[in-house]
Amino acid sequence: MADRKKPYPFDEFEPAWQKRWDDQKTFRVSNPGDPDFDASKPKRYILDMFPYPSGAGLHVGHPEGYTATDIVSRFLRRNGYNVLHPMGWDSFGLPAEQYAIKTGQHPSITTAANIDTFRRQLKMLGFSYDWDREIATTDSKYVRWTQWIFLRLYNSYYDTELKKARPVSELESRGWTREQIDSVRLAYVAEGMVNWSPDMGTVLANEEAEEWRSKGFTIERRKLRQWMLRITAYAERLIDELEPLDWPESIKLLQRNWIGKSTGAEVVFTCGEHNITVYTTRPDTLFGATYMVLSPEHSLVEQITSPEQREAVRAYQKVCAEKSDLERTDLSKEKTGVFTGAYAINPVNGREIPIWIADYVLTGYGTGAIMAVPAHDERDYEFATKFGLPIIQVVQPDDPSTPWQDFCGYDGSMVNSEYLNGLPVPEAKAMMIQKLEEMGCGRGKVNYKLRDWLFSRQRYWGEPFPILWDKETGLHHPLPENELPLLQPEMEDFKPSGDPRGPLVKAQDWIHYSDRYTRETNTMPQWAGSCWYYLRYLDPHNDREFVSPEAERYWMGSGGNPGGVDLYVGGTEHAVLHLLYARFWHKVLFDYGLVSTNEPFNKLVNQGLILGEDGQKMSKSRGNVVNPDDIVREYGADAIRLYEMFMGPLKEVKPWATKGVEGISRFLARVWRIAMVENQEGEWVVSGKMTAQDLGATPVRRELHRTIKKVTEDIRSMSFNTAISKMMECTNAMTSAESVSLADYVGLLHVLNPFAPHITEELNRLLGEQFPDLPKQQLALQPWPGFDEAFLVDLTKEIPVQVNGKLRDKLQMPTDATREQMEEAALASPRVQEFMAGKSVRKVVVVPGRLVNIVVA
RNA sequence: GCCGGCUUGGCGGAAUUGGUAGACGCGCUCGACUCAAAAUCGAGUUCUAACGAGUGUGGGUUCGAGUCCCACAGCCGGUACCA
């Protein structure tokens with residue numbers, strides 16, 4: 001592309017300002033205890049979701065959220081806050097490892113290069129991060145504390161009485177056996193069905209499996225021994241403590257659904273000498289249970305199946321085991337199942353009901369067995385209809401027009417249920433639970449969909465588990481803390497070998513710890529580092545603690561302010577993974593008094609996705625990816641920042657339009673040319689339009705004060721698009737004015753500064769050379785401007801006059817006109833009278849200062 | 001299927017939360033400057049020749065509805081038999 005002349009010389013001054021901010025550490029913020037720390041200022045912690053430094057470099061989606069938080073941070077600093085606004089790298093991750101496998105380049109080299117690119121690109125956009133606090137999850141000094149927190153989990157159990165984590169050493173002193181203790185640790189080893197990807201040679205968490213499958217990786221179910229984190233212990237708190245947070249309701253809902261709390265009861269049925277426990281949310285419908293279903297994998301199936309049915313049952317189990325996940329979840333799929341030949345006794349009425357197995361009952365949820373109430377459950381109804389099983393109504397819907405078959409609602413009362421008859425559903429539910437407990441054949445039970453978090457991966461590029469295995473006893477032990485960090489061994493070949501122990505098994509020397517102990521070969525998932533990075537920023541160079549209590553209390557404490565991170569901006573894709581995991585770790589740390597709040601992120605905002613110019617999601621294959629480097633080269637950093645904020649509301653999904661960047665660039669050029677003109681030699685010099693004289697309450701002055709008010713409000717509500725349009729209006733007013741006073745113009749620069757820091761600082765500097773009285777300090781360090789109410793009030797206002805709700809005239813009236821004056825003026829209007837001709841006035845609605853509506857008939 | 005969100009000019013989007021619909025920007029049209037073009041500046045731009053109509057569709061509440069209520073449709077996102 002031909003190198004066009006820039007509309008203003010951003011290519012010169014933007015890098016110069018960036019260098020100055022970097023060299024002078026303009027945006028460094030000190031911690032309590034530092035010599036230059038100002039304890040009188042309140043704090044705000046403004047956080048971005050840190051990026052995975054991919055080889056592709058920065059995407060235009062990154063600067064969207066990052067610009068928003070940068071504007072807020074710059075605004076708050078200028079309003080007297082100590083602002084913590086850091087950046088770092090989520091640098092463990094699969095792509096670096098895959099790339100390493102392909103090229104032989106060690107992941108640490110690729111990662112370092114990618115980080116350099118990302119850092120350069122972010123600095124090129126003029127973000128006001130405190131770069132002294134930069135962290136990378138792959139840094140050995142960081143890994144040390146990730147492993148340290150893991151050991152904390154390993155050495156903890158969840159005390160269900162106190163509802164908090166406690167050290168397992170407590171249990172030792174109470175005489176618990178090693179085996180008992182291992183069964184309650186927050187980090188534990190368990191064998192179970194897991195998602196295994198042969199392509200990647202690793203297992204994945206439930207939460208991740210679908211994402212990777214959609215990227216084209218094969219995922220199978222496989223029985224393996226893995227490290228798990230007992231996140232389910234925190235299920236209740238993860239739901240309850242979500243409530244007061246200032247998060248989008250939709251994200252809270254997503255988390256609530258993911259945790260999936262349900263209240264019901266466990267009911268014990270008998271089958272010969274066996275007890276079969278089912279879970280139900282509708283114990284009230286127990287009299288309507290006409291059959292029972294076990295999941296095909298249920299442990300009792302083998303024992304209860306009658307000889308005649310044995311073959312059919314085995315065949316069905318085999319079919320289910322071979323089914324892929326996709327087939328299992330196929331929506332249109334018909335219900336399938338097989339009778340076991342056995343019968344169970346319903347404890348409330350002694351009735352015998354047949355026991356079936358069917359794959360619509362899942363092994364992993366509840367007890368893996370259900371009582372089927374076909375009259376009041378859609379799935380049971382479908383199954384019963386297909387296999388000709390009896391259907392007994394036990395709930396009569398309140399609305400008589402509703403058919404009772406397959407009525408699943410709660411608005412009804414009980415029938416055919418002996419002592420429950422006539423009771424409304426909720427009361428019957430409570431009564432039945434009480435009855436079951438009295439009879440000793442059931443109890444109230446809360447269930448969650450959330451499963452424990454599969455935490456180990458068979459990868460090279462991740463934090464190794466700080467765990468040793470005792471060859472003699474087969475037991476695991478924590479690595480002594482003074483041996484942290486435990487880094488991966490240097491290896492040439494970390495290809496997945498199909499060995500479910502992962503690539504580290506190949507490092508024989510590393511595995512060998514002593515004659516008695518060998519190292520754990522699994523590594524942690526990428527989430528480990530991102531679970532607590534926001535805490536490391538508080539005190540990133542601390543070698544003695546993961547964070548000092550003083551720094552933690554100041555930046556995360558409540559101290560009259562909202563506690564925790566005050567603003568966290570990032571994409572929705574982390575709604576259930578990162579945000580759930582991080583909350584879990586934070587709560588464990590909170591239980592130990594290591595952090596001050598029970599929740600890490602007080603306020604969360606999701607930025608909307610930026611689509612390609614074609615309205616489609618940006619992707620390499622579509623060829624619609626916009627590279628921020630190109631935009632900065634062509635239009636400058638201020639232009640891309642401002643454009644991304646101007647596109648629309650931060651939260652909305654919006655398509656990219658390079659023409660729109662041009663429009664923004666024109667706006668910035670107009671701001672520039674109010675103060676600057678090119679002389680004969682083609683140099684920019686201060687224009688004669690600028691005057692040091694106070695021109696008084698000109699329209700420009702009034703517009704400026706309205707702009708200051710609007711921008712101040714809009715930054716607080718994060719409505720950046722409307723703030724920018726207001727600044728455009730102000731600029732247009734200054735452009736069309738004959739002459740602009742220096743004070744008014746600099747006022748505009750002040751409010752534009754957080755959005756477009758480079759051009760505003762440069763103009764302020766250039767004007768400072770011309771006008772010696774202008775404060776020389778950077779705008780970023782000066783107080784935020786206030787507005788004067790006196791300039792906001794208008795003497796007259798245009799008042800719309802409607803006849804029967806239709807606009808018929810507009811009248812210029814004093815702002816403080818009374819009702820009577822307004823009505824009189826409206827009725828006197830010739831335009832209005834035309835529309836009233838021949839009709840009588842029924843009513844006149846007057847809204848003072850707003851409008852007049854004349855109702856005629 | 002269930003849950004959530006969205007739907008306003010040719011396009012991105014505004015609208016003091018029930019009070020002049022279309023701010024601001026893009027695009028387009030015309031004009032000024034120029035030998036010419038680009039850039040810049042100025043004027044115009046919801047539709048309609050006009051009467052009028054108009055915020056996905058249909059109904060309702062109200063003096064007045066983009067905004068509130070009811071029903072429906074379309075698009076986007078999440079989720080997948082959780083008993």
Side-chain angles (χ1 to χ4, degrees), chain A residues 4-5 7 210 248-254 256-258 260-262 264 278-282 285 293 295 325 328-333 335 358-362 364-373 376-380 382-383 408 447-451 572-573 575-576 608-609 611 615 617 642-643 646-649 651-664 666-667 669-670 673 710 713 719 721-729 731-732 735-736 797-810 842-847 849-856:
Chain A
R4 285 192 286 110
K5 180 165 166 36
E210 197 41 55
E249 270 313 310
S250 58
I251 301 292
K252 285 193 195 177
L253 197 70
L254 234 47
R256 256 184 247 123
N257 290 346
W258 190 267
K261 179 177 178 169
S262 71
V278 302
Y279 175 72
T280 177
T281 55
R282 294 296 298 272
T285 62
V293 187
S295 73
D325 283 12
R328 274 211 176 204
T329 58
D330 188 2
L331 185 70
S332 58
K333 186 190 72 169
K335 294 266 179 298
D359 70 349
Y360 83 92
V361 173
L362 309 173
Y365 183 75
T367 59
I370 62 156
M371 62 177 214
V373 184
H376 306 294
D377 182 281
E378 211 179 311
R379 298 148 300 177
D380 296 345
E382 196 191 322
F383 192 82
C408 311
N447 247 325
Y448 297 94
K449 279 202 276 184
L450 186 70
R451 311 295 158 78
T572 336
E573 66 273 19
V576 281
L609 201 64
L611 303 174
K617 200 166 166 173
L642 215 54
Y643 172 67
F646 186 62
M647 292 170 83
K651 298 169 195 168
E652 304 298 321
V653 179
K654 11 183 206 294
W656 180 270
T658 299
K659 280 285 184 192
V661 189
E662 275 177 37
I664 285 291
R666 273 199 283 273
F667 159 65
R670 262 199 315 276
R673 287 195 313 266
K710 177 81 175 143
E713 290 166 356
S719 310
N721 54 334
T722 48
I724 294 167
S725 54
K726 190 67 199 168
M727 290 188 281
M728 286 173 169
E729 289 184 67
T731 302
N732 292 344
T735 299
S736 43
K797 192 170 184 245
E798 193 183 64
I799 299 295
V801 181
Q802 301 176 332
V803 177
N804 283 348
K806 292 205 166 72
L807 180 69
R808 296 306 183 190
D809 200 6
K810 296 172 184 178
R842 302 240 324 242
K843 190 174 175 185
V844 179
V845 180
V846 180
V847 184
R850 275 278 163 73
L851 60 40
V852 181
N853 186 16
I854 300 163
V855 187
V856 296

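What's counted below: heavy atoms across the whole structure, side chains too, no hydrogens, waters or symmetry copies. The shown structure was predicted, so the numbers you read here are calculated from the model rather than taken from an experiment.
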_Pair partner, B:C24 [Watson-Crick or wobble, under 3.5 Å]_ = B:G12

*B:U79 pairs with which nucleotide, Watson-Crick or G-U wobble, both distances below 3.5 Å?*
B:G1

*Given atom CG of A:L253 and atom C1' of B:G77, what is their separation to the nearest angstrom?*
13 Å

*Please state the P separation for the pair B:U16 and B:U62 - nearest whole angstrom.*
24 Å

*Assign B:G4 to syn or anti; the rule is syn for a glycosidic angle within 90° of 0 and anti otherwise.*
anti

*asked:* Under a 3.5 Å cut-off for both contacts, is B:A49 paired Watson-Crick or G-U wobble with anything, and if yes, with which nucleotide?
replied: none

*In whole angstrom, give me the gap between the P atoms of B:C35 and B:U29.*
24 Å

*If we take the C1' atom in both B:C28 and B:C68, what is their distance in whole Å?*
38 Å

*Rounded to whole angstroms, how far apart are NZ on A:K252 and C1' on B:C3?*
17 Å

*Return the nucleotide paired to B:U7: Watson-Crick means purine N1 to pyrimidine N3 with N6-O4 or O6-N4, wobble means G-U with N1-O2 and O6-N3, both under 3.5 Å.*
B:A73

*A:F646 side chain: which of B:G12, B:G19, B:C26 is closest?*
B:G12

*Between A:D380 and A:A372, which heavy-atom pair has the shortest distance, and what is it?*
OD2-CA, 3.3 Å

*Where does B:U17 land, syn or anti, given syn is within 90° of 0?*
syn

*Does a distance-only test, which skips hydrogens and angles, find a donor-acceptor pair under 3.5 Å between the side chain of A:E798 and the base of B:U20?*
yes

*Report the C-alpha separation of A:R670 and A:N732 in whole Å, then their side-chain angles, then the decisive distance to 0.1 Å, and conclude whether the side-chain contact (heavy atoms from CB on, under 4.5 Å) test is met.*
CA-CA 8 Å; A:R670 262 199 315 276; A:N732 292 344; 3.4 Å; yes

_Distance-only donor-acceptor test, A:R850 side-chain atoms vs B:U16 base atoms, 3.5 Å_ = yes

_Say we look at B:U57 and B:G10: how far apart would their C1' atoms be, to the nearest angstrom?_
23 Å

